[in-house]
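In what follows, a single structure is set out as structure tokens and then discussed.
Only this structure's heavy atoms are used, side chains among them; waters, hydrogens and symmetry mates stay out. Whatever order the structure lists ligands and atoms in, that order sets their numbers, starting from 1. Counting from 1, the numbers follow the sequence of the chain as shown.
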Amino acid sequence: MIEAHELTKRYGDKTAVDGLGFVVRPGTVTGFLGPNGAGKSTTMRMIVGLDAPTSGSVTVNGKRYAQHSAPLQEVGALLEAKSIHPGRSAYHHINALALSHGIPRRRVEEVIELTGLQSVARKRAGAFSLGMGQRLGIAAALLGDPATVMLDEPVNGLDPEGVLWIRNLLTGLAAEGRTVFVSSHLMSEMALVADHLIVVGRGRLLADTTVKDLVRAAGGDTVRVATADPARLREVLAGPGVEITGEAGTEELQVVGMTARAIGYKAAEHGIPLFELSDRTVSLEQAFMDLTRDAVEYHGTIGIDTTGKAA
Ligand SMILES: Nc1ncnc2c1ncn2[C@@H]1O[C@H](COP(=O)(O)OP(=O)(O)OP(=O)(O)O)[C@@H](O)[C@H]1O
């Protein structure tokens, strides 16, 4: 479990993290999302004590990282900046970490196998591809068999097989009851792997929600329906929890609170012909862009609207 309370980090007059409060719970994968420069890496560095908060606090399993007597066994982290000696082999690197943290040698073999590095374990880490480097970082993170696993952009540089491997690894770690906190810019990947999301923008909390609720809030459960008699259709669909909108003079209505199937049945029951009946699907990417539009620090020169088209 990770708990942040009023967590703030300033670098000079730049506030990278601004009063963040959230809880990352065990047994699920929690995605950490935000535009570039939103403060994700800074937050993750503070979680593992690589940066000190200017104010506020963050704890892992109830204690600050530095207060744990065996921190590697509490939280395993893969952060962006890697500090692997390029001349060392993967095996040597993991083994040195294990030796300095009192972790048995058999665990070294285990994590090398778990991360699929057996065939390259004796090669120089400096010659590793980006994907192999990521696997090595993950092997180091899992070495202490930690209850909390935190990975910053783990799919970065991985090929499709590697992406699938990470997906299964993360869901597997969560199924074992671990706390899994993972940042990524790949929304489609997050939609597949994360149950819960913490979204930040300009260092502040924008959302602490489930993937489902975020998509729903962006209009993901709206059904579009077209008919020659929208006024009558409105009447027959009206009911508790049903919200119907539509511009005057058009044949189209947007319905929230009823499935397309239920609308179809209701219209048929009342003999109202429909021309169109479709779920409006909103991707996590669109929902994310809606949510963070005002918090994006670095805009490109071509605007992107939420349908993904250049504006
Ligand atoms: N050591 C530092 N000194 C000064 N400013 C910093 C430092 N580290 C981060 N920042 C600034 O703090 C802000 C948050 O940066 P951070 O790297 O935490 O964001 P991020 O969400 O991880 O971004 P990205 O998605 O691009 O990795 C940025 O504006 C960044 O320039």
Proximal candidate to atom 21 (O) of ligand 1 [heavy atom criterion; set R10, K40, K14] | K40
Is the number of heavy atoms from other residues, nucleotides or ligands within 6.0 Å of CD (E176) greater than 12?
-> yes
Those atoms of ligand 1 less than 4.0 Å from some heavy atom in S41 | 17 (O), 18 (O), 20 (P), 22 (O), 27 (O)
Can you list the ligand 1 atoms lying under 4.0 Å from a non-hydrogen atom of H185?
-> 25 (O)
Which option out of V200, T43, T42 puts a heavy atom nearest to atom 15 (O) of ligand 1?
-> T42
Which atoms of ligand 1 have any heavy atom of R45 under 4.0 Å away?
-> 8 (N)
Side chains of S41 and D152: is there a donor and an acceptor less than 3.5 Å apart?
-> yes
Whether G34 lies under 4.0 Å from ligand 1, heavy atom = no
Report, in ascending order of atom number, the atoms of ligand 1 lying under 4.0 Å from any heavy atom of A16.
-> 12 (O), 13 (C), 14 (C)
Pairs of donor and acceptor atoms involving the side chains of residues 27-34, under 3.5 Å and at least two apart or interchain, shall be tabulated with distances.
none

Taking C-beta and beyond as the side chain, do V75 and V149 meet within less than 4.5 Å on heavy atoms?
-> no
Numbering the atoms of ligand 1 from 1, which are under 4.0 Å from a heavy atom of N36?
-> 23 (O), 24 (P), 25 (O), 26 (O)
Which donor-acceptor pairs under 3.5 Å do side chains of residues 255-272 form with protein atoms, sequence neighbours excluded?
{"residue": "T259", "atom": "OG1", "partner": "A262", "partner atom": "N", "Å": "3.0"}
{"residue": "H270", "atom": "ND1", "partner": "K266", "partner atom": "O", "Å": "3.0"}

Does the distance from a Lys or Arg side-chain N to an Asp or Glu carboxylate O, for D290 and R293, drop under 4.0 Å?
-> yes
Mark the output for E153 as yes if a heavy-atom distance to ligand 1 is under 4.0 Å, and as no if none is.
-> no
Polar side chain donor-acceptor pair, N61 to H68, under 3.5 angstrom = no
